Each structure stands twice: as C-alpha cells, then as structure tokens.
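None of these values were measured; they are calculated from a predicted model. Only heavy atoms go into these numbers, but all of them, side chains included; no hydrogens, no water, no symmetry mates.
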Amino acid sequence: MSVEDQQSGEDLDQEFDAVPEPSVDEETEVGPAPASVQTGPPTGVMSAERLAIKALEAKLLGGERKLRRREVAAGAGVSILSARKIWRALGFPNFGDEDVAFTERDQAALSSILDLVRAGLLTEEAAISVTRSIGQMTDRMVVWQIEALVEDMVSEQGIPDAVARKQLVGQLPALVDSLEEILVYSYRRQLNAGVQRLAVRAEAGLQASEEGREGDEDDSPLPLARAVGFADLVSYTSLSRRMNEKTLAQLVQRFENKCAEIISVGGGRLVKTVGDEVLYIAETPAAGAEISLALAQAFTEDEILPQCRVSMVWGRILSRLGDIYGPTVNLAARLTTLAQPGTVLVDAMTAAALGQDDRFVLVPQKSENVRGFGEIHPVMLARGRGKGLVLD
C-alpha cells in the first residue's frame with residue numbers, strides 16, 4: 001500500500017472526523033478518592049469489576065492501550081488515511097487524534113496487512129476486501145459466542161441476564177486461549193475445504209452443468225455451478241408474535257442448528273440464515289436434492305418446529321463477500337413461495353439433471369407465472385430408492 005501524501009491525508013482526516021464520535025476514555029488505576037472530594041461510597045465491588053475488565057482487556061488486546069492512531073500509523077510506515085481504511089474494514093470506531101486507543105499488537109497487525117501489499121501478494125483493493133471479511137465474520141462470531149455463554153449461565157445458574165453478562169467478564173479469561181485455538185484450527189480446515197470447492201473442483205462443476213443448457217441462459221457468464229436451496233419455516237411470523245423472548249430464541253436456534261447439521265452432513269454449505277429462512281448450496285444436483293429432502297422430512301417430523309417449504313435449483317452463481325448472487329438464487333427464492341409445507345420444488349432444468357437418478361421421484365406441477373422469470377414449470381421432488389441422508 002503506497003504511502004499517501006501526508007497533507008492530503010490530513011485534509012481527508014479532517015473531513016471524516018467532522019462529526020466527532022465518542023472517544024475511548026483512557027483507563028486509569030482505580031483507587032479511593034481523597035476524603036475531601038469523595039462523592040460516593042467506597043468502590044468495593046465496582047473496583048473489582050473494573051479491575052477484572054482491565055485485566056481482560058489487556059489479555060485480549062495484548063497489553064495496555066498506550067498509542068494514539070498517528071503513532072500506530074507512523075510506526076507502520078503509512079499515512080493515517082491508509083491506516084484508517086484498514087481499521088474501518090475491520091469495523092473499528094473512528095478514534096480521535098488524542099484517544100489512547102491502541103497497543104503494540106495493533107501496530108503489528110496493521111504492519112502485517114500492509115506488508116502483504118508491499119510484497120505484491122495483495123493489491124490494496126484485495127487487502128481491504130480480505131480485511132473486511134475478517135472484521136465482519138469475527139464480529140458476528142463474537143456476538144454469537146457471548147450470547148450463547150450468557151444464555152447458558154442464565155439457564156444453568158438461574159441468574160438474571162444482566163447478572164450473567166457481568167459475571168461473564170470473570171469467566172472469559174479461562175476460555176479465551178482455547179476459543180482462539182479452535183478458531184485458528186477451524187479457519188485452516190475451512191480454508192482447505194474452500195480451496196477444494198472454489199478452485200480445484202470448480203471446472204468440473206461447470207462441465208457437469210452444461211447438460212441441458214443452450215448456452216444463452218441468464219446465468220451463463222457466472223463462474224460457479226451450484227445447487228442452490230432455500231428452506232423457509234411455515235407460519236413463522238404468526239408464531240413469533242405469540243412467543244416470549246426465550247421461546248422465540250429457542251425456536252430460532254433449534255431451526256438453525258438442525259439446518260446446519262443436515263446441510264453439513266450432506267456436504268453442502270450454509271450460506272446464511274435470515275430469520276425463518278436458510279440459504280444453502282451444494283456442489284452437485286444430487287447432493288442438493290438429498291439435503292433438500294432431508295430438511296423437508298426433518299421439520300415435518302419435528303415435534304416443536306413447524307414444517308418448512310423447500311426449493312432447490314441447479315445453475316450458475318457468483319460468489320462474493322461470503323454470499324451468492326445470480327438468477328439461480330432468485331429463482332430458488334421464488335420457488336420456495338410456491339412450495340407446499342413439507343415439500344420440495346425444483347425447476348424443469350434441475351429435474352432434467354436428476355431424471356436418471358432412481359434415488360429421486362419427480363412429479364411435474366402446474367405451470368406458474370413467476371415475476372422476473374415468466375412462465376416456469378415447477379417439479380415436486382420426492383424420495384425414490386435409498387435411505388437418503390443418514391444423521392447420527
């Protein structure tokens with residue numbers, strides 16, 4: 001990443017900082033105030049909580065906050081403007097010039113990102129995109145983990161939510177190293193799997209998707225062939241209105257956990273969950289079909305959750321920012337709204353790709369006029385020979 005003109009950077013900084021944001025208070029040692037100025041009771045428990053928070057912060061940040069943003073940028077050999085691009089990609093707040101908000105580890109991390117650009121391994125644009133992926137994914141992961149730990153403490157210890165959140169500060173130091181180790185382990189495993197899916201086997205998937213295509217389809221320019229599926233809980237909106245917070249949280253977690261398990265066992269990937277709906281992909285039509293049928297069956301047999309509508313379309317997609325895009329995704333979403341509870345719908349081209357596989361039964365449905373696609377010919381997918389996915 002090139003070192004930008006310092007004056008230009010300062011001008012831009014002034015523009016970005018025109019609306020001041022709350023600054024991070026510099027931490028100071030906690031101690032009793034002189035008797036003449038003490039306005040409240042001795043800190044007691046509060047002092048212990050504050051010290052615990054400081055200790056946890058030092059462990060997580062790699063030391064005490066001692067550096068201002070310009071010091072970190074200068075130490076990394078880059079303008080403040082370029083440094084702020086990285087920090088914003090990571091999701092950091094906009095610290096002011098006088099905020100002592102950074103540690104030496106922050107400087108080392110910034111240098112690591114910049115060194116990849118300086119070595120020519122990444123362009124500046126790629127570095128920002130990769131950094132943003134890390135920031136967004138870890139932000140969601142941290143929120144998920146904290147809420148899971150708090151919920152477990154409330155359930156197991158019978159304490160109020162607010163109390164659990166305070167006590168969590170004292171419990172986290174014993175968990176951090178193990179969680180970090182698992183994070184790095186999972187990242188390497190997922191990266192290996194992603195390389196296989198998105199690089200090594202990508203060409204084979206495109207070749208497999210050629211059958212039955214004319215070459216002028218809307219998704220033809222897109223680089224990946226995938227089975228794209230949606231599963232949508234029936235009557236979720238009306239159910240959620242009648243549930244309290246705890247019951248609704250349990251329902252959502254049960255739904256996502258069951259979907260994640262089935263999709264994983266089927267060799268697919270859960271792309272995202274949006275409330276009562278999951279979006280998933282698989283590398284072949286057959287894998288997508290097995291996952292889709294397993295999802296429909298699982299929620300039909302579930303004693304707590306309602307049934308779900310499922311759809312699956314085999315076609316080409318664009319994969320960006322951890323999400324997927326293209327006409328195939330849109331068609332799968334439209335088909336979900338046409339499916340009856342407990343059933344799976346596919347389009348005619350997907351049905352043709354599965355037609356010779358005796359594990360599946362394909363039942364044509366009446367034609368439907370679908371916004372953005374015109375007349376389509378849905379086909380209901382049902383179980384043929386074999387047991388389908390086997391869940392332990």
Side-chain angles (χ1 to χ4, degrees), residues 21-25 27 49-65 69 72 84-95 99 101-110 112-113 127-157 159-191 194 245-246 248-250 252-257 259-260 264 269-275 278 321-323:
E21 297 190 20
S23 62
V24 177
D25 294 331
E27 294 290 314
E49 289 176 356
R50 189 173 177 84
L51 288 172
I53 291 172
K54 285 194 66 174
L56 177 60
E57 179 175 277
K59 181 177 180 64
L60 294 176
L61 301 187
E64 187 178 354
R65 300 175 190 251
R69 65 181 190 175
V72 176
R84 287 175 64 190
K85 288 181 181 180
I86 299 295
W87 293 330
R88 285 178 174 174
L90 286 168
F92 292 177
N94 192 26
F95 297 113
D99 293 325
F102 297 94
T103 70
E104 292 179 355
R105 182 178 289 179
D106 290 305
Q107 182 172 309
L110 179 61
S112 294
I113 299 169
I128 294 294
S129 183
V130 169
T131 303
R132 184 171 288 114
S133 75
I134 296 171
Q136 291 186 5
M137 295 302 106
T138 52
D139 173 71
R140 183 172 188 267
M141 179 189 69
V142 164
V143 171
W144 185 334
Q145 291 177 351
I146 289 176
E147 296 299 343
L149 293 170
V150 168
E151 183 181 9
D152 186 65
M153 293 169 67
V154 170
S155 175
E156 294 299 313
Q157 301 177 32
I159 56 178
D161 183 272
V163 174
R165 291 178 189 277
K166 287 185 177 182
Q167 291 187 5
L168 180 63
V169 174
Q171 295 191 13
L172 276 176
L175 301 174
V176 169
D177 291 340
S178 295
L179 293 178
E180 183 176 23
E181 182 178 344
I182 296 169
L183 172 62
V184 174
Y185 160 77
S186 177
Y187 169 74
R188 290 179 175 273
R189 293 285 301 188
Q190 295 289 2
L191 183 58
E245 178 183 349
K246 181 177 181 180
L248 178 59
Q250 291 174 340
V252 171
Q253 289 176 15
R254 186 179 181 91
F255 172 62
E256 181 162 339
N257 290 343
C259 287
S264 176
R269 182 172 78 86
L270 196 162
V271 178
K272 63 182 177 182
T273 303
V274 182
V278 296
L321 307 176
D323 207 339

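Once rounded to the nearest 0.5 Å, the distance linking CZ of Arg254 with SG of Cys259 reads 11.5 Å. Between atom CG of residue Leu90 and atom OG of residue Ser133 there is a gap of 9.5 Å, rounded to the nearest 0.5 Å. In this structure, CD1 in Ile134 is found 6.5 Å from CD1 in Ile113, a value given to the nearest 0.5 Å. The line from CD of Gln167 to CD of Gln171 is 7.0 Å long, rounded to the nearest 0.5 Å. Atom CH2 of Trp87 sits about 4.0 Å away from atom CZ of Phe102, to the nearest 0.5 Å. Rounded to the nearest 0.5 angstrom, Asp106 CG and Arg69 CZ are separated by 14.0 Å.
Of all the heavy atoms in Val154 and Ala164, the pair that sits closest is CG2-CB, 3.9 Å. Heavy atoms only, all atoms of each residue included: Ile86 and Thr131 are closest at O-CG2, 3.9 Å.
One N or O on the side chain of Thr103 and one on the backbone of Leu61 form a donor-acceptor pair closer than 3.5 Å.
Scanning for side chain to side chain contact (heavy atoms under 4.5 Å, CB included) contacts around Val169 gives Ala52, Ile53, Leu56, with sequence neighbours left out. Residues forming a side chain to side chain contact (heavy atoms under 4.5 Å, CB included) with Asp323 (at least two apart in sequence, or on another chain): Val271, Lys272, Leu279, Tyr325.
Under the 4.5 Å side-chain criterion, counting only non-hydrogen atoms from C-beta, Leu149 is in contact with Leu172. For the pair Leu60/Glu180, no side-chain contact is recorded, criterion being any heavy-atom separation below 4.5 Å from C-beta on. A 4.5 Å side-chain heavy-atom check between Met141 and Leu183 finds at least one atom pair inside the cut-off. In this structure the side chain of Arg84 reaches within 4.5 angstrom of the side chain of Asn94, judged on heavy atoms.
Under a 4.0 Å N-O distance rule, the pair Asp139/Arg132 does not qualify as a salt bridge.
Residue Glu104 qualifies as open at atom CD: its count of foreign heavy atoms under 6.0 Å is 12 or below.
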